[in-house]
Amino acid sequence: MKKYNPKKIEAKWQKKWYGSKVFSAQYSSRKRKFYLLVEFPYPSGDGLHVGHCRSYTALDIIARKKRMDGYNVLFPIGWDAFGLPTENYAIKKGVHPSIVTKKNTDNFRRQMKSLGLSFDWTREVNTTDPKYYKWTQWIFLQLFKNGLAYKAKIAINWCPSCKIGLANEEVVDGKCERCGTKVEKKDKEQWMIKITEYAERLINDLSSVDYLEKIKIQQKDWIGKSEGALIKFQVEGASEFIEVFTTRIDTIFSGTYVILSPGHAFVDKCKDKIENLEEVLAYKEKSKNISDIERTKEEKEITGVQLKGIFVQNPATGEKMPVWIADFVLEQYGTGAVFADAHDKRDFDMAKKYGIPLRTSIEPGDSSVADKVKNLEICFEGDGKLYNSMQFNGLTSDQARPMIISWLKAKGFAEPKTSYKLRDWVFSRQHYWGEPIPMIFCEKCGWQTVEEKDLPVELPKVKKYEPTDTGESPLALIQRWVNVKCLKCKGNAKRETDTMPNWAGSNWYYLRYIDPKNNKALADKKEVSYWMPVDWYNGGMEHTTLHLLYSRFIFKFLWDVKAVPKNVGSEPYRKRTSHGMILGEGGVKMSKSKGNVVNPDDVVKQFGADTLRVYEMFVGPFDQMIPWDTKGVIGVRRFLEKIYNLASDRGTVMNGSRDLKKHLHKTIKKVSEDILAMKFNTCVSSLMEFANAWQSSEDTLSRNDFADFLKIISPFAPHLAEELWQNSDFKGLCCMQSWPKTNKKLIEEEKVLLIIQVNGKVRDKIEVRANMIKEDAEKIALGSEKIKLLIAEKEIKKIIFVQNKLLNIVV
RNA sequence: GCCCGAAUGGUGGAAUGGUAUACACGCAACACUUAAAAUGUUGUGAGGUUCUCCUCAUGUGGGUUCGACUCCCACUUCGGGCACCA
């Protein structure tokens, strides 16, 4: 008897598949298309993570099923290869990042192929390939030409000891990861992209796509739309105003002071008038080095400094208000300034701490606390009824808001305004390993774009990969590359030396897969029009607010400037799902330092690729976090062996068992449905149940039924299915067959188990014929000895009947 | 802090208003064997028990319902994201 030998089988079938291009999507096809996308990985030196294996296997199963359903399937893969870890490795070892990238992508590719994933390897893309990033740069030029890219001063993390700019990740507890020095903020001119111009569309168009609800919620929340008003506070003794954005204009009559963020421009503007300037500047300096999350934490003690000598006027009451700065007010949100009153917890606490006067103007609905609110014993933050508010007294917050806005608007002090939490996108990095930004600066003529014919602007070779001690990227040191002639005046000009963030390349990669070799455009429009939008995109929840939002924005932009055809719509992804993480054994994150990293290579070696695939599907619900369990892998290996042995020992006959056929068709139905619902774990258990039934029945399957069984198991354990397909002398490849249809008549039951409940508790189970009506079921149930005993002389109040399921007698 | 998610046997989990604990791991007994491994068979939520029935059990407390792991309200604990990691 032959033994199940995955090592031999798997290598053999991988060679056949990848040699014959069975997984290649067809160009200019008339077939129905299905575009399945997985987030392309960052090819780190650690190799493929078992978490990659899980999500890729899951989508591979869908791709394989869709091919068997007759679709022209595009299931591509590539490398998102620009980024910090590769650069840091280059700095440490002095090896060029492109060499490291080549090594890592080779390893990832080998690992993916060893899992039998059905990627279309003819369409592989790499964001670090100049032929690819030519188009990433081209997109930047379009953004600039359309007024969506601009320069602004933005703070970077600066380590004064290493003299380099740091990524947020390299800042641990406010200190430099390498040397432990306290990190400072340093202002730097950076390229910004106006994603905020698309905020409204990015919210509204979510209604046209099929994303998991939690993904939509996160995106909406990230964009953070709020409707409110912009109010002007006149500065006393000056013609200036301080503008404040608020959603609570109903509380304007209780506003007693104004708070600015420490970085607010007004502080610099009125330096001469501030009596305690030194104190103010010291506070400003201190707050610079605290993160926004830290600043807005509720546990954090509230601090602030008054701008002595400065007062503004409350536009509603005409009263004089002092002006403070406090770090819990953020520069980026609204106008970076708020008016403060007793109806905001932090304003309330701050006023109590510093003895600033407070007033109330909103009465809570709960009258038991109304007095306490009025006496300033507690802070009430909700909506309520207005008082102390002149002609608006007695109105509810909701009624009052629009009325107060128009009243103040008439006086020239307010206007309605929509505000977003979403900020413009900082697009510059002071690093080597990224796409050069294709811009040239001339003292006389300003910023200008590199001409399209000169793209790509290739990354020049450098000797050292560290950022420079001025905070610029190492590109700034290469005079030959930096110094160019201005395109307009032919005078001396300099190239931009910052590079793009990692997100730049991943914004549009789904378009490049469609036509990866095109050197005239991002991709051929006919092909784009056929393939777009992506039918199903799966990725991690951690990418929901950044990559997913950025790439939606960029696609909308490309659509607006007609770089992609109109007919595909302005949303790149029709459906988005997300997978859960795989944790280490015991439920903690896998990490090198904990030594609990599972290497897929080891699992493949010990158990086989099919075992790894099926295990990762069986381990638990796809969208949830699941700990790895080496013991569980064994069960899956036993299952595959069982199938292999049953197939060889039992064989097939012309007319096999009818019971098994019936069970098989139930399994076909379950697996077909559960694949699309991403309930892979229950697919596997139903396949296991069938194998168990087959084994214990000692019956034989018909040849056709066995073929169907191999077909439905093939997306999960493709190598095993192919091998048994061939061993049984079936023609062609198993993965190229059409998916079996469920025989509906066959799975209809003649008899069902009827559950008899008394007062909702199960008291008996009786087998009856299917589709029995209520009256007949009642007779049978009441005839049961057990039930008779239980209801005895009690009065039957009600009988609930669910056909083919249960009968509940209420007494 | 804000946003999102989760909680069911010894363990991973199944059941989305109708038999709670499918499937798998582990454990125990038995069969095969000189023996072991492998494999197979049976059992396995807790407590009680006349051994086939009773009571209890899906993080906690309430509610809706003939019936709730499932829906609603309040809470507890754990995990993830928070804009320069990808």
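These numbers come from the heavy atoms of this one structure, side chains and all, not from hydrogens, waters or symmetry mates. Throughout, a chain's letter reflects where its sequence line sits, starting with A, and its residues are numbered from 1.
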Using a 4.0 Å heavy-atom cut-off, does [X] contact any base of the nucleic acid, only the sugar-phosphate backbone, or nothing at all?
{"X": "K797(A)", "answer": "nothing"}
{"X": "I634(A)", "answer": "nothing"}
{"X": "H547(A)", "answer": "nothing"}
{"X": "K805(A)", "answer": "sugar-phosphate"}
{"X": "E87(A)", "answer": "nothing"}
{"X": "S428(A)", "answer": "base"}
{"X": "D623(A)", "answer": "nothing"}
{"X": "L546(A)", "answer": "base"}

Residue [X], side-chain heavy atoms: nucleotide from [options] that is nearest:
{"X": "R763(A)", "options": "C54(B), G81(B), A86(B)", "answer": "C54(B)"}
{"X": "I217(A)", "options": "A86(B), C4(B), C25(B)", "answer": "C4(B)"}
{"X": "D80(A)", "options": "G81(B), C56(B), A86(B)", "answer": "A86(B)"}
{"X": "D221(A)", "options": "C3(B), A83(B), U19(B)", "answer": "C3(B)"}
{"X": "Q190(A)", "options": "G81(B), C3(B), C84(B)", "answer": "C84(B)"}

Using a cut-off of strictly less than 4.0 Å, decide whether K220(A) has a side-chain nitrogen or oxygen near OP1 or OP2 of C2(B). no
Distance between the [atom1] atoms of [N] and [M], in whole angstroms?
{"N": "C30(B)", "M": "A36(B)", "atom1": "P", "answer": "11 Å"}
{"N": "G47(B)", "M": "G10(B)", "atom1": "P", "answer": "10 Å"}
{"N": "U49(B)", "M": "A38(B)", "atom1": "P", "answer": "38 Å"}
{"N": "U77(B)", "M": "A31(B)", "atom1": "C1'", "answer": "47 Å"}
{"N": "G48(B)", "M": "U41(B)", "atom1": "C1'", "answer": "29 Å"}
{"N": "A46(B)", "M": "G9(B)", "atom1": "C1'", "answer": "9 Å"}
{"N": "U70(B)", "M": "G62(B)", "atom1": "P", "answer": "14 Å"}
{"N": "U8(B)", "M": "A22(B)", "atom1": "C1'", "answer": "13 Å"}

Residue set satisfying side chain to side chain contact (heavy atoms under 4.5 Å, CB included) with T577(A), at least two apart, ordered chain then number -> W536(A), N538(A), K575(A), M678(A)
Who pairs with E673(A) by side chain to side chain contact (heavy atoms under 4.5 Å, CB included), at least two apart in sequence or on another chain?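 With sequence neighbours excluded, E673(A) shows a side chain to side chain contact (heavy atoms under 4.5 Å, CB included) to K669(A), given in chain and number order.
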Do any side-chain atoms of residues 41-48 of chain A form donor-acceptor pairs under 3.5 angstrom with protein atoms, and if so which ones, sequence neighbours left out?
residue, atom, partner, partner atom, Å
Y42(A), OH, T86(A), N, 3.0
Y42(A), OH, T86(A), OG1, 2.6
S44(A), OG, D46(A), N, 3.3
D46(A), OD1, K592(A), NZ, 2.9

Starting at atom [atom1] of [X], determine the distance to atom [atom2] of [N], rounded to an integer number of angstrom.
{"X": "E542(A)", "N": "C85(B)", "atom1": "CD", "atom2": "P", "value": "13 Å"}
{"X": "R638(A)", "N": "A38(B)", "atom1": "CZ", "atom2": "P", "value": "8 Å"}
{"X": "N507(A)", "N": "A86(B)", "atom1": "CG", "atom2": "C1'", "value": "14 Å"}
{"X": "Y432(A)", "N": "C84(B)", "atom1": "OH", "atom2": "C1'", "value": "20 Å"}
{"X": "L753(A)", "N": "G18(B)", "atom1": "CG", "atom2": "P", "value": "16 Å"}
{"X": "F607(A)", "N": "C25(B)", "atom1": "CZ", "atom2": "C1'", "value": "12 Å"}
{"X": "Y550(A)", "N": "A86(B)", "atom1": "OH", "atom2": "C1'", "value": "13 Å"}
{"X": "H579(A)", "N": "G80(B)", "atom1": "NE2", "atom2": "P", "value": "15 Å"}

Cut-off 3.5 Å, side chains only: do W508(A) and T136(A) have a donor facing an acceptor?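 Side-chain D/A pair, W508(A) to T136(A): present.
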G5(B), syn or anti by chi within 90 degrees of zero: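 Anti, which is what one calls it when the glycosidic angle falls more than 90° from 0.
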Below 4.5 Å, heavy atoms only, C-beta onward: do [X] and [Y] meet side chain to side chain?
{"X": "T101(A)", "Y": "W79(A)", "result": "no"}
{"X": "R637(A)", "Y": "Y4(A)", "result": "yes"}
{"X": "R54(A)", "Y": "I626(A)", "result": "yes"}

Go through the structure and list residues passing ring pair (Phe, Tyr, Trp, His ring centres under 6.0 Å) with W191(A), not counting sequence neighbours. F140(A), F144(A), W447(A)
List for me each residue that meets ring pair (Phe, Tyr, Trp, His ring centres under 6.0 Å) alongside W222(A), sequence neighbours excluded, and say none if there are none. none
Could you pull out the protein-nucleic contacts involving nucleotides 7-17 of chain B (nitrogen or oxygen on both sides, under 3.5 Å)?
residue, atom, partner, partner atom, Å
G12(B), O2', V619(A), O, 2.8
A14(B), OP1, N681(A), ND2, 2.6

Where Y211(A) and I215(A) come nearest, the two heavy atoms and their spacing: CD2-CG2, 4.0 Å
Exercise: identify the closest heavy-atom pair between R650(A) and Q695(A): NH2-O, 3.1 Å
Contact list for RNA chain B against residues 687-695 of chain A - heavy-atom distance below 4.0 Å: M688(A), E689(A), N692(A), Q695(A)
Are there runs of at least three consecutive Watson-Crick or G-U pairs touching RNA chain B, with each pair's two distances under 3.5 angstrom? Give them by first number.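 Looking at RNA chain B, the stems formed by three or more consecutive pairs are B:1-7 with B:76-82, B:10-12 with B:23-25, B:26-31 with B:39-44, B:45-48 with B:53-56, B:59-63 with B:71-75.
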For Y537(A), which residues count as a side-chain hydrogen bond (donor to acceptor under 3.5 Å, both in side chains) partner, sequence neighbours excluded? Y509(A), H547(A)
Residues in side-chain hydrogen bond (donor to acceptor under 3.5 Å, both in side chains) with R248(A), at least two apart? D250(A)
Ionic contact status for E213(A) with K220(A), cut-off 4.0 Å: no
What protein N or O atoms touch nucleotides 64-72 of chain B N or O atoms at under 3.5 angstrom, if any, and at what distances?
residue, atom, partner, partner atom, Å
C66(B), OP1, K798(A), NZ, 3.4
C66(B), O2, N808(A), ND2, 2.4

F690(A) and F709(A) aromatic ring geometry - parallel, tilted or perpendicular at 30°/60° bounds: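 Rings of F709(A) and F690(A): tilted, 30 to 60°.
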Do F553(A) and W503(A) make the cut of ring centroids closer than 6.0 angstrom?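 Distance test on ring centres: not under 6.0 Å, no.
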Hey, can you pull the donor-acceptor pairs under 3.5 Å for the side chains in residues 800-811 of chain A, sequence neighbours left out?
residue, atom, partner, partner atom, Å
Q803(A), NE2, N771(A), O, 3.3
Q803(A), NE2, M772(A), O, 3.2
N804(A), OD1, N771(A), N, 2.7
N804(A), ND2, N771(A), OD1, 3.1
N808(A), OD1, N759(A), N, 3.4
N808(A), OD1, G760(A), N, 3.0

